[in-house]
Protein chains: 2
Amino acid sequence: MYGGSQKIVSMKKLDHVDKQILQILQEDGRIPYTEIAQQLRVSEGTIRARITQLLQDGVFQFVIHPDPEKLGLHVQAIIGLTTKLGSQKYVAEELSKFSAVRFVGSFSGKHDLILQACFHSNDELITFVNERLSQIEGIVAADVSLELKQYKDSFSFVQDDDVTLQ
Amino acid sequence: MYGGSQKIVSMKKLDHVDKQILQILQEDGRIPYTEIAQQLRVSEGTIRARITQLLQDGVFQFVIHPDPEKLGLHVQAIIGLTTKLGSQKYVAEELSKFSAVRFVGSFSGKHDLILQACFHSNDELITFVNERLSQIEGIVAADVSLELKQYKDSFSFVQDDDVTLQ
DNA sequence: ACATTTTTTACGAATTTCGAAAAAAACATT
DNA sequence: AATGTTTTTTTCGAAATTCGTAAAAAATGT
């Protein structure tokens with residue numbers, strides 16, 4: 001599901017303009033290049049060239065962020081898994097196939113794999129755990145945490161310059 | 001950070017066309033309306049009206065999905081928190097203020113709050129835990145899981161019709 | 001069956017995107 | 001420092017997309 005980060009011919013480090021472009025786009029992914037250009041006081045051509053390059057380099061993608069609630073996905077969960085030694089990759093790849101699953105990662109700590117998924121109902125969640133997870137060879141234990149309330153959920157982690165911690 | 005889902009005047013249920021529009025947009029958030037129109041064999045005006053309505057209703061937003069690695073955010077973590085009774089909301093809101101934090105939710109299960117965050121380095125992560133989390137009144141314990149590998153990370157959970165589980 | 005409301009289509013005008021050549025800037029070499 | 005080379009930015013006309021809006025069509029209610 002996720003391409004290994006193969007190195008493209010040689011990717012230059014993002015400069016200030018690139019970061020500014022990303023910051024503007026994370027507010028509104030469909031703002032016209034002409035407007036970004038105005039805001040940053042460069043030509044539309046520059047914005048276009050930069051964005052083309054950034055996409056080329058896989059720095060970002062244009063997507064949409066749906067609100068799960070509005071889609072009827074009222075139940076969200078984070079599930080920590082313990083896997084049998086050697087089957088982690090297989091399990092992760094199987095999990096990734098479900099459209100309900102929006103995140104899968106391998107972790108150090110209590111759980112080998114952690115996944116995040118959305119469901120229409122508690123029933124669907126239970127079905128997922130009991131019918132689907134149990135079918136995947138190599139899962140030893142599943143630790144389900146049910147989401148009660150969501151406070152933040154975004155891809156907006158582009159920061160001007162390395163001020164991640166505020 | 002996240003607006004409570006206040007009810008808009010009355011929101012109609014999404015129909016098949018809406019879902020198809022969302023499915024197309026989650027592949028490429030910047031595909032022209034004219035092309036969506038062609039694919040779905042309706043007029044551009046319809047696509048435009050539908051999308052305007054969906055945005056209005058808060059069903060989705062146009063955003064970008066940056067690759068944390070390419071942004072130099074090489075360290076990702078999921079942190080489970082135990083909070084003092086009554087301070088959960090405050091803690092969650094404080095956490096949401098950090099740009100490094102991309103997800104915060106309240107959960108049933110082992111941890112009251114679970115958050116997901118990106119950092120440039122292990123050092124930055126440690127600083128976050130030791131300097132920032134410790135400053136937030138009401139956090140009793142933090143359980144850090146370091147991401148070793150990411151298999152899937154997407155907002156693409158729009159499904160044609162309730163086939164979340166495959 | 002008819003009136004009312006909602007949704008879709010149609011179409012010209014405004015705006016944006018695109019391709020590509022020229023200009024400017026950045027870089028390297030001597 | 002001057003010169004050649006490469007990269008990036010600007011420019012600008014053509015093509016495509018978006019936008020506003022009026023008319024047509026479809027859906028809804030009585």
Side-chain angles (χ1 to χ4, degrees), chain A residues 6-67 70-72 158 160-162, chain B residues 6-67 70-72 155 158-162:
Chain A
Q6 66 256 167
K7 195 170 279 165
I8 310 297
V9 183
S10 94
M11 204 186 95
K12 245 177 220 150
K13 202 169 151 341
L14 307 198
D15 69 5
H16 185 61
V17 177
D18 292 320
K19 295 222 180 104
Q20 281 187 297
I21 292 174
L22 294 177
Q23 279 189 298
I24 291 171
L25 286 174
Q26 71 188 179
E27 296 295 316
D28 173 7
R30 234 181 143 96
I31 190 173
Y33 297 170
T34 48
E35 200 178 318
I36 303 176
Q38 265 181 260
Q39 283 188 36
L40 304 187
R41 293 160 201 290
V42 294
S43 72
E44 175 273 334
T46 297
I47 300 299
R48 181 152 42 101
R50 297 286 193 123
I51 288 178
T52 303
Q53 192 60 55
L54 290 168
L55 289 170
Q56 181 75 254
D57 293 345
V59 172
F60 81 100
Q61 281 177 256
F62 287 110
V63 295
I64 59 172
H65 183 177
D67 179 339
K70 303 273 168 70
L71 259 47
V158 181
D160 210 330
D161 257 301
D162 306 10
Chain B
Q6 68 257 165
K7 195 173 279 164
I8 311 296
V9 182
S10 92
M11 204 186 97
K12 245 177 221 150
K13 203 169 148 340
L14 306 198
D15 70 4
H16 185 61
V17 177
D18 292 320
K19 296 226 182 100
Q20 282 186 296
I21 292 174
L22 293 178
Q23 280 190 297
I24 291 171
L25 285 174
Q26 72 189 177
E27 296 294 318
D28 173 7
R30 228 161 201 280
I31 190 172
Y33 297 170
T34 48
E35 199 179 318
I36 303 176
Q38 265 181 260
Q39 283 187 38
L40 304 186
R41 293 160 201 291
V42 294
S43 72
E44 175 273 333
T46 297
I47 300 300
R48 182 152 41 101
R50 297 287 193 121
I51 287 178
T52 303
Q53 193 59 55
L54 291 168
L55 289 170
Q56 181 76 253
D57 294 344
V59 174
F60 81 100
Q61 280 177 259
F62 286 109
V63 296
I64 59 172
H65 182 177
D67 179 340
K70 302 272 168 70
L71 260 46
F155 279 147
V158 182
Q159 269 304 123
D160 211 330
D161 258 300
D162 306 10

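Letters A, B, ... are given to chains in the order of the sequence lines, protein chains preceding strands, and every chain is numbered from 1. Below, each value reflects all heavy atoms present in this structure, side chains not excepted, and no hydrogens, waters or symmetry copies.
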Let me know, please, whether Q38(B) or R41(A) comes out on the 5' side of the other along DNA chain D by nearest nucleotide. R41(A)

Return the 5'-most residue of the pair P32(B), D15(A) with respect to DNA chain D, ranking by each residue's nearest nucleotide. D15(A)

For [X] and [N], what is the distance between atoms [atom1] and [atom2] respectively, to the nearest whole Å?
X      : N       : atom1 : atom2 : value
I51(A) : dT9(D)  : CD1   : C1'   : 15 Å
Y33(B) : dC19(D) : OH    : P     : 6 Å
Q53(B) : dT6(C)  : CD    : P     : 11 Å
I47(A) : dC18(C) : CD1   : C1'   : 15 Å
L55(A) : dT17(C) : CG    : P     : 13 Å
E44(A) : dT18(D) : CD    : P     : 14 Å
I21(A) : dT9(D)  : CD1   : C1'   : 12 Å
L14(A) : dT8(D)  : CG    : P     : 13 Å

Name the closest nucleotide to the [X] side chain, picking from [options].
X      : options                   : value
T46(A) : dT9(D), dT8(D), dC18(C)   : dT9(D)
R48(B) : dC19(D), dT9(D), dT17(D)  : dC19(D)
S43(B) : dT9(C), dT6(C), dT17(D)   : dT9(C)
T34(A) : dC18(C), dT16(C), dT18(D) : dT16(C)

Do D57(B) and K70(A) sit within salt-bridge range, that is, some charged N less than 4.0 Å from a carboxylate O? no

Is it true that R50(A) and D15(A) make a salt bridge, defined as a side-chain N closer than 4.0 Å to a carboxylate O? yes

Between the axis at one end of the helix from dA1(C)-dT30(D) to dT30(C)-dA1(D) and the axis at the other (five pairs apiece), what's the angle to 10 degrees? 50°

Describe the nucleic acid contact of E35(B) in one word from base, sugar-phosphate, nothing, applying a heavy-atom distance below 4.0 Å. nothing

Can you label the angle between the F155(B) ring and the H65(B) ring as parallel, tilted or perpendicular, going by 30° and 60°? tilted

So do D18(B) and V59(B) actually touch side chain to side chain, heavy atoms under 4.5 Å? no

Would you say CD of Q39(A) has more than 12 non-hydrogen atoms from neighbouring residues, nucleotides or ligands within 6.0 angstrom? yes

Give a yes or no answer on whether the side chain of T52(B) reaches the backbone of R48(B) with a donor-acceptor pair at less than 3.5 Å. yes

Taking for G45(A) and for I31(A) the nucleotide of DNA chain C with the nearest heavy atom, the one nearer the 5' end belongs to I31(A)

How many angstroms lie between CD1 in I36(B) and CD1 in I21(B), if you round to the nearest 0.5 Å? 6.5 Å

Answer yes or no: does a side-chain N or O of K12(B) lie under 4.0 Å from OP1 or OP2 of dT6(C)? no

